[in-house]
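Let me begin by presenting the structure, written as structure tokens, before commenting on it.
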Amino acid sequence: MTGTSERFNVKLCILLPLIIATTLILWFVPAGFYGMEGLTVVEQRTIAIFVFTALMWMFEVIPTWTTSVISIVIMLLTISDSSVWFLRQASDGSDMGTFVSYRELLGTFADPVIMLFLGGFILAVATTKVGLDVQLAKALLKPFGRKSEFVLLGFLMVIGLFSMFMSNTATAAMMLTFLAPVLRMLPPDGKGRVALALSIPIAANLGGIGTPIGTPPNAIALGYVNDTLHMGIGFGEWMLVMVPYVIVMLLISWGLLLFFFPFKQKTIELRIENTHEKTWRTYVVYITFAVTILLWMLDRVTGINSNVVAMIPVGVFCVTGVITKEDLKEINWSVLWMVAGGFALGLALQDTGLASRIVNSIPFASWSPVAVVLVSGFIGYFISNFISNTAAANLIVPIICAVGVGMGDTLLATGGLKTLLVGVALSTSLAMLFPISTPPNALAHSTGLVTTKDMTKVGILIGVIGFALGYAMLIFIGI
């Protein structure tokens with residue numbers, strides 16, 4: 001207890017003043033310091049807030065959800081269209097730039113993805129109440145045996161498979177239900193619990209790379225490759241290259257998780273005890289669970305968005321009394337607020353024009369083809385750690401496409417425009433450094449088992465390995 005208190009004091013007494021000092025320097029330094037022509041006052045403030053938030057999340061000076069809330073409050077007061085009056089005009093006549101809508105900033109607390117989280121949490125609470133989670137976990141993991149290491153591999157492979165065909169967030173929300181009974185079989189002081197919790201976001205993020213429909217950045221890149229450039233990458237052609245890549249990355253991730261978080265208990269035996277009396281509400285949960293999962297998997301067929309589908313169990317369970325007001329206390333509301341902070345930061349980066357300015361300020365035209373290919377991927381990876389991978393791809397792909405067309409045949413040595421655009425899509429899916437980087441990361445963080453430090457440590461290794469392996473594959477094998 002004393003050690004924890006001392007670390008907390010060090011963070012508050014040393015790290016917090018350093019972070020605040022860095023933020024103030026970035027806030028008040030002359031705009032020319034950034035080397036971006038035309039940088040506005042609001043954009044500069046956004047840079048300072050971005051750095052403040054990232055450092056606070058990274059070092060966990062205060063709880064991550066608290067950082068998110070504070071960041072939103074700062075944005076509302078300083079860069080929104082309802083900010084403090086004396087901050088709406090520059091004393092030296094500098095261009096203030098575009099203020100962010102305060103309504104949209106506040107709206108991040110009820111973002112559609114937040115509703116998907118809420119639906120996932122409600123589904124998990126209900127299935128636990130009736131014992132469905134244990135039965136499902138045993139059925140899915142049975143082929144992988146009882147050894148703890150292979151149970152972990154089972155989680156990675158099952159999640160990776162699901163996320164190739166359904167929303168990464170929906171997959172993670174579903175698998176969070178199966179995680180609880182497995183964790184109950186492990187000693188609370190063992191590191192294996194962390195490995196299992198981290199397997200959810202890692203597999204969900206990587207699995208989406210496997211198919212053109214696995215994650216929106218894939219579809220965005222393919223849209224430019226096939227519709228704009230008429231190069232023709234088919235569904236099967238994509239999978240022929242990307243599925244082996246995903247399998248290799250999942251196996252590498254398995255090795256990393258076992259290295260950093262070895263299991264203390266060598267076997268996991270899921271015992272199903274009939275302690276839950278079956279009532280009509282039990283069957284309501286069974287049917288609602290099956291319908292929800294089916295609709296999540298068939299969202300492209302039904303046209304019902306996965307975020308909307310997540311509200312079905314919320315409505316059904318509340319009306320039927322499966323979920324009571326006491327059950328609502330079990331929902332990890334702090335995670336929802338933490339995710340809202342990530343969405344708000346991404347909104348600020350986009351709506352102020354800062355994200356676009358940063359990308360456009362990079363002199364791609366004067367670089368070598370190899371540099372253009374690799375740097376474009378790195379930019380996609382970096383930005384996607386702080387805004388959604390869909391938003392990152394939407395921002396970067398059109399610009400990179402124009403740059404690539406302008407470079408012409410000089411890109412052929414590095415795999416051409418296909419490598420350039422597909423590489424960006426792949427890179428955005430590798431971004432998983434922080435709890436706010438992707439919704440699956442936030443879900444893993446909601447278990448209380450995964451610290452930001454753990455997530456960043458594993459995330460950066462997967463990012464580096466995945467980046468290097470992905471580009472080697474695209475350049476030397478092609479797609």
Side-chain angles (χ1 to χ4, degrees), residues 19-57 67-109 111 339-365 375-376 378-380 382-400 402-403 428 434 436-437:
I19 292 172
I20 292 175
T22 302
T23 303
L24 291 174
I25 290 171
L26 294 174
W27 189 288
F28 292 109
V29 75
F33 168 81
Y34 293 98
M36 289 184 282
E37 187 177 347
L39 189 73
T40 66
V41 174
V42 170
E43 289 171 354
Q44 181 169 342
R45 290 176 187 172
T46 304
I47 292 174
I49 296 170
F50 175 89
V51 171
F52 169 79
T53 308
L55 291 174
M56 292 290 280
W57 274 331
T67 295
S68 288
V69 173
I70 289 174
S71 299
I72 292 176
V73 172
I74 294 172
M75 285 186 270
L76 286 167
L77 294 175
T78 61
I79 64 171
S80 79
D81 54 11
S82 187
S83 56
V84 181
W85 79 93
F86 60 81
L87 293 176
R88 298 185 200 174
Q89 292 183 342
S91 57
D92 60 357
S94 302
D95 180 15
M96 288 303 296
T98 303
F99 286 93
V100 183
S101 166
Y102 81 92
R103 292 180 182 273
E104 291 189 19
L105 281 173
L106 289 173
T108 57
F109 283 107
D111 185 272
V339 175
F343 290 155
L345 190 61
L347 178 72
L349 287 170
Q350 292 179 75
D351 285 14
T352 60
L354 177 60
S356 181
R357 186 181 299 280
I358 291 172
V359 174
N360 283 312
S361 67
I362 299 171
F364 286 111
V375 171
S376 62
F378 176 77
I379 293 170
F382 178 78
I383 293 179
S384 194
N385 274 298
F386 298 96
I387 67 176
S388 79
N389 58 5
T390 305
N394 270 325
L395 170 68
I396 300 167
V397 168
I399 298 169
I400 296 301
V403 170
T428 60
F434 310 112
I436 53 88
S437 296

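Reckoned from all heavy atoms, side chains included, excluding hydrogens, waters and symmetry mates.
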Below 4.5 Å, heavy atoms only, C-beta onward: do [X] and [Y] meet side chain to side chain?
X	Y	value
Ser71	Thr67	yes
Leu39	Ile47	yes
Leu106	Leu76	yes
Phe52	Ile74	yes
Met75	Val100	no
Ser361	Glu37	no
Val42	Thr98	no

For the student: nearest non-hydrogen atoms of [X] and [Y], plus distance:
X	Y	value
Ala348	Ile79	CB-CD1, 3.8 Å
Ser384	Thr428	OG-O, 3.1 Å
Phe109	Ile72	CZ-CD1, 3.5 Å

Sequence neighbours excluded, every pair satisfying salt bridge (charged side-chain N to carboxylate O under 4.0 Å, His left out) that has a member inside residues 42-54: Glu43-Arg357
Residue pairs passing the salt bridge (charged side-chain N to carboxylate O under 4.0 Å, His left out) test where at least one lies in residues 385-398, sequence neighbours excluded: none
Asp81 (side chain) donor-acceptor with Tyr102 (main chain) under 3.5 angstrom: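 Between the backbone of Tyr102 and the side chain of Asp81 there is a qualifying donor-acceptor contact (under 3.5 Å).
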CA sep, side-chain torsions, deciding dist, call: Leu354, Phe50, side chain to side chain contact (heavy atoms under 4.5 Å, CB included): CA-CA 11 Å; Leu354 177 60; Phe50 175 89; 5.9 Å; no
In residues 22-31, what donor-acceptor pairs under 3.5 Å come from side-chain atoms, sequence neighbours left out?
from  : atom 1 : to    : atom 2 : distance (Å)
Thr22 : OG1    : Leu18 : O      : 2.8
Thr23 : OG1    : Ile19 : O      : 2.8

Interatomic distance, Ile49 atom CD1 to Thr78 atom OG1 [nearest 0.5 angstrom]: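 Taking CD1 in Ile49 and OG1 in Thr78, the distance rounds to 3.5 Å.
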